[in-house]
A.B. asks: 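Take this structure, written in structure tokens, and hold onto it; I'll ask about it next.
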Protein chains: 2
Amino acid sequence: MTTNRRKPAGRPATLPDVAREAGVSRSTASRALAGYGSVSPDARERVRAAAEKLGYRANQLARSMITGRTHTLGAIVADIQNPFFAGVTRGITDAARAAGYQVLLANTDEDVAAERAAVKMLRDKHVDGLIVAPAATTETAHLAAAHAAGCPVVLLDRQAPGLPADSVTVDNHGAAQDAVRRLLAAGHRRIALVSLLGTAPVDGAGAASSDPVSTGLERIEGYRTALREAGLTDTDTYLRTGTFHREDPADLTAELLSLPEPPTAVFATDSMIALGVLSAARDHGLRVPEHLSVVTFDDTDWARAVRPRISVVAQPVQELGARAVHSLITRIEGTAHAPEHIVLDTEFIERESIAPPRSGT
Amino acid sequence: MTTNRRKPAGRPATLPDVAREAGVSRSTASRALAGYGSVSPDARERVRAAAEKLGYRANQLARSMITGRTHTLGAIVADIQNPFFAGVTRGITDAARAAGYQVLLANTDEDVAAERAAVKMLRDKHVDGLIVAPAATTETAHLAAAHAAGCPVVLLDRQAPGLPADSVTVDNHGAAQDAVRRLLAAGHRRIALVSLLGTAPVDGAGAASSDPVSTGLERIEGYRTALREAGLTDTDTYLRTGTFHREDPADLTAELLSLPEPPTAVFATDSMIALGVLSAARDHGLRVPEHLSVVTFDDTDWARAVRPRISVVAQPVQELGARAVHSLITRIEGTAHAPEHIVLDTEFIERESIAPPRSGT
DNA sequence: GCCGGCATTGAGAACGTTCTCACTCGCGGT
DNA sequence: ACCGCGAGTGAGAACGTTCTCAATGCCGGC
């Protein structure tokens, strides 16, 4: 009974199949389905019916060959497991899908070489544009090249000075300054900052990382500004920065807490560092906020569920991703215009992790 | 001085450009670069040099048109912001990249319609295969269709009975049973389970969700088995299941804690539910583990940083993703074979969130 | 000297679309 | 009766590869 072998399809129906079924040419079928040019109502309906009957779905690869558009965006982030980037990625995929785009995802682990490789692969696949949280501020030749070659780039969360690309960030300096001010207002004077910056230097050269990312640096500057405002000139005594995959924030904190005059408050530059801080505090038998006040960037789900609930600088993570997508798509579909730098607002969420310092300073 | 306008390239170099530069035909250039057929050492070298000089990169779209392979995998998960899926996605992207594949990502929010739409888009883009954490157990026609049409599917974290697809899961029943046994061993008798299952039913029909996912069900069965083992026949008194986006795990827990005879221990079926449980416990002025013992699936970063540290059933999240990729790629590249069902081991990590119940049962 | 075989090569088709162009109608205006 | 025009249509090129196939040249064996 299955002798009729038209529809069952060994291979999926193509445009010629639809055209044949509808009794028109490929051109007319294409016009009818894509809705351009002019097609008689009759032909249009016959094509529609034929397409439906055969279960026709246009091959996007072939279409992309012609149009030069893949309707695919590349997203290059440091680590999807970091709640910040998870949220950002969520924002990206949702906004992209709403706009009719798909997202090709790549992790870099803050490694510039991995980022370069990712850009290469994504461009080979002809993504229409790139959303990148760059691993380094200065080594951005691959991004500049992509941009120049007509594959627009929008920077996410981080700036890259020389690059004529759009960017979507928050006011890290201001937000950090504000957070530290709150600690100062509670009476703290010995306020630490714990952060992780950049990747391990390639040459065994040095102490600091070779090329830290802008975000961390701005937060540190905000911290320093707040301290100076309060008349504290020695802004780096309690400043601890480590390197990704090398230092553990918990160790950095442990060292701080073992100081003769340990800090009474800690400012963590992201949620994963805050976890290390909390862990170290516990190991030292310190209670938050009685013995140690804690503030961190990023309002993760656990920050409002743990005891005490943690006061945080909340970033609009999903919106960050969504705005990046919109910037990118306007640039893809629109005309050339000067790079725009979108700066979104953060929100300080006061909870229970800040208290006045125990005894006097 | 820039009159020579060969290399500067208005458009990227194509194979004909390379062939011309090397003084050979397209065919030879293609053979030299792809490394098949036979090419003289001389020609091979000239082509290589020409390609390098022009900065030639093969257009993967065009290649895919011919070969029928895109070297792209589709990953369809419920919610990338859930740490479990974030970890799984990390495993997927890493394993895929190592194998020379890219990953197209889609979120479903546990919504079958969204899943269907995602499958459609991804197949239009001609992904070589699909990794899916299906939102429903029975509504899998779109997955079966993809599989039958030569777009292999591997199920991740969840089973779908009728589907002849590979799967990678953990032993949810056993792991849940083991976790509840630990609570029983600590002396608990009133042990609750809090879970979220399926999506809201489309018709306003009913109490329970229409088509819950296998994972949650298996965990519930494991819980029941453990209780029955211990001679507790009434296994559903403290069983609370809600619906995604409708019920809040914290509310479910709050209701349990307000019971005349409240549970002395709670088993959460994933980390986001555990957060709700913890939150509700805090709101009721209950301390963990003194007043309430807590165990959960998923070893997230915060579980070992908060006080008390939470005992968990750790799933090998990254490996789950990596194994799914490997299964999928062997099926893509290999010959047809019977569906294989990989079951990975979980590990119970004992920490500080379990204590004997306060007074008597 | 002839023939079989192998290495090397290039012409051209194919993949499934979109797009440009030229052609044929039918109709209304002059 | 003729022209112009617009709607509708189809032929064919184009996108940038891979792949099939036939042709060429060279070599050694007989």
Side-chain angles (χ1 to χ4, degrees), chain A residues 9-48 50-51 54-72 123-128 149-151, chain B residues 9-48 50-51 54-72 123-128 149-151:
Chain A
R11 74 194 204 313
T14 67
L15 196 60
D17 296 332
V18 173
R20 201 175 307 121
E21 178 78 25
V24 297
S25 69
R26 283 192 338 268
S27 319
T28 301
S30 180
R31 273 189 290 258
L33 293 171
Y36 71 102
S38 94
V39 182
S40 70
D42 175 52
R44 187 187 313 280
E45 176 51 24
R46 286 211 313 282
V47 170
R48 200 205 50 71
L54 300 179
Y56 169 76
R57 305 237 78 210
N59 182 334
Q60 299 296 331
L61 262 54
R63 171 172 295 168
S64 295
M65 284 241 50
I66 300 295
T67 60
R69 295 264 92 100
T70 53
H71 280 253
T72 306
R123 290 195 57 198
D124 284 352
K125 289 243 162 77
H126 283 225
V127 294
D128 290 342
C151 173
Chain B
R11 73 193 204 314
T14 68
L15 195 60
D17 295 332
V18 173
R20 201 174 308 120
E21 178 78 25
V24 297
S25 70
R26 281 191 342 266
S27 319
T28 301
S30 179
R31 273 189 290 259
L33 293 171
Y36 70 101
S38 94
V39 181
S40 69
D42 175 53
R44 187 188 313 279
E45 175 51 25
R46 285 210 314 282
V47 170
R48 200 204 52 70
L54 300 179
Y56 170 75
R57 305 236 79 211
N59 182 334
Q60 298 297 330
L61 261 54
R63 171 172 295 168
S64 294
M65 284 242 50
I66 300 295
T67 61
R69 295 265 91 100
T70 53
H71 281 254
T72 306
R123 289 194 59 198
D124 284 351
K125 289 244 162 78
H126 283 225
V127 294
D128 290 342
C151 173

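So you know, we letter chains A, B, ... as the sequences are listed, proteins then strands, and number each from 1.
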A.B. asks: Just how far, in rounded Å, is P of D:dG8 from CZ of A:Arg46?
C.D. replies: 13 Å
A.B. asks: In residues 41-48 of chain A, what donor-acceptor pairs under 3.5 Å come from side-chain atoms, sequence neighbours left out?
C.D. replies:
from: A:Asp42; atom 1: OD2; to: A:Arg46; atom 2: NH1; distance (Å): 2.5
from: A:Arg44; atom 1: NH2; to: A:Val39; atom 2: O; distance (Å): 3.1
from: A:Glu45; atom 1: OE1; to: A:Arg48; atom 2: NE; distance (Å): 3.1
from: A:Glu45; atom 1: OE2; to: A:Arg48; atom 2: NH2; distance (Å): 2.9
from: A:Arg46; atom 1: NE; to: A:Ala22; atom 2: O; distance (Å): 2.9
from: A:Arg46; atom 1: NH2; to: A:Ala22; atom 2: O; distance (Å): 3.3
from: A:Arg48; atom 1: NH1; to: A:Glu52; atom 2: OE1; distance (Å): 3.1

A.B. asks: What residues in residues 23-32 of chain A put a non-hydrogen atom under 4.0 Å from any atom of DNA chain D?
C.D. replies: A:Val24, A:Ser25, A:Arg26, A:Ser27, A:Thr28, A:Arg31
A.B. asks: When the distance from CG of A:Leu61 to C1' of C:dG16 is rounded to whole Å, what number comes out?
C.D. replies: 9 Å
A.B. asks: Return the value, rounded to whole Å, for the distance between atom CZ of B:Arg63 and atom C1' of C:dA14.
C.D. replies: 16 Å
A.B. asks: Using the side-chain heavy atoms of B:Ser38, tell me which of these nucleotides is nearest: D:dT18, C:dT9, C:dT17.
C.D. replies: C:dT9
A.B. asks: Which sits closer to the 5' end of DNA chain C, A:Ala58 or B:Gly37, going by the nucleotide each is nearest to?
C.D. replies: B:Gly37
A.B. asks: Measure the distance from CG on A:Leu33 to P on D:dT9 and round it to the nearest whole Å.
C.D. replies: 13 Å
A.B. asks: How long is the line joining NE2 of A:His126 and C1' of D:dG16, in whole Å?
C.D. replies: 9 Å
A.B. asks: Quick one: A:Arg20 CZ to D:dA11 P, roughly how many Å, whole number?
C.D. replies: 13 Å
A.B. asks: Ignoring backbone atoms, test whether B:Tyr36 places a side-chain nitrogen or oxygen under 4.0 Å from the OP1 or OP2 oxygen of C:dT8.
C.D. replies: no
A.B. asks: Identify which nucleotide among D:dT17, C:dT18, D:dG16 has an atom closest to any side-chain atom of A:Ile66, counting heavy atoms from C-beta outward.
C.D. replies: C:dT18
A.B. asks: Would you kindly give the CZ-to-P distance between B:Arg11 and D:dG16, to the nearest whole Å?
C.D. replies: 6 Å
A.B. asks: For a quick check of understanding: with a heavy-atom distance under 4.0 Å over all strands, which category does B:Ala34 fall into, base, sugar-phosphate or nothing?
C.D. replies: nothing
A.B. asks: Atom CG of B:Leu15 and atom C1' of C:dA11: how far apart are they, to the nearest Å?
C.D. replies: 14 Å
A.B. asks: Determine whether a donor-acceptor pair (N or O, by modelled atom type, separation under 3.5 Å) exists between the side chain of A:Lys125 and the backbone of A:Thr70.
C.D. replies: no
A.B. asks: Give the nucleotide from the list C:dG16, C:dT18, D:dG8 with an atom nearest to the side chain of A:Ala62.
C.D. replies: C:dG16
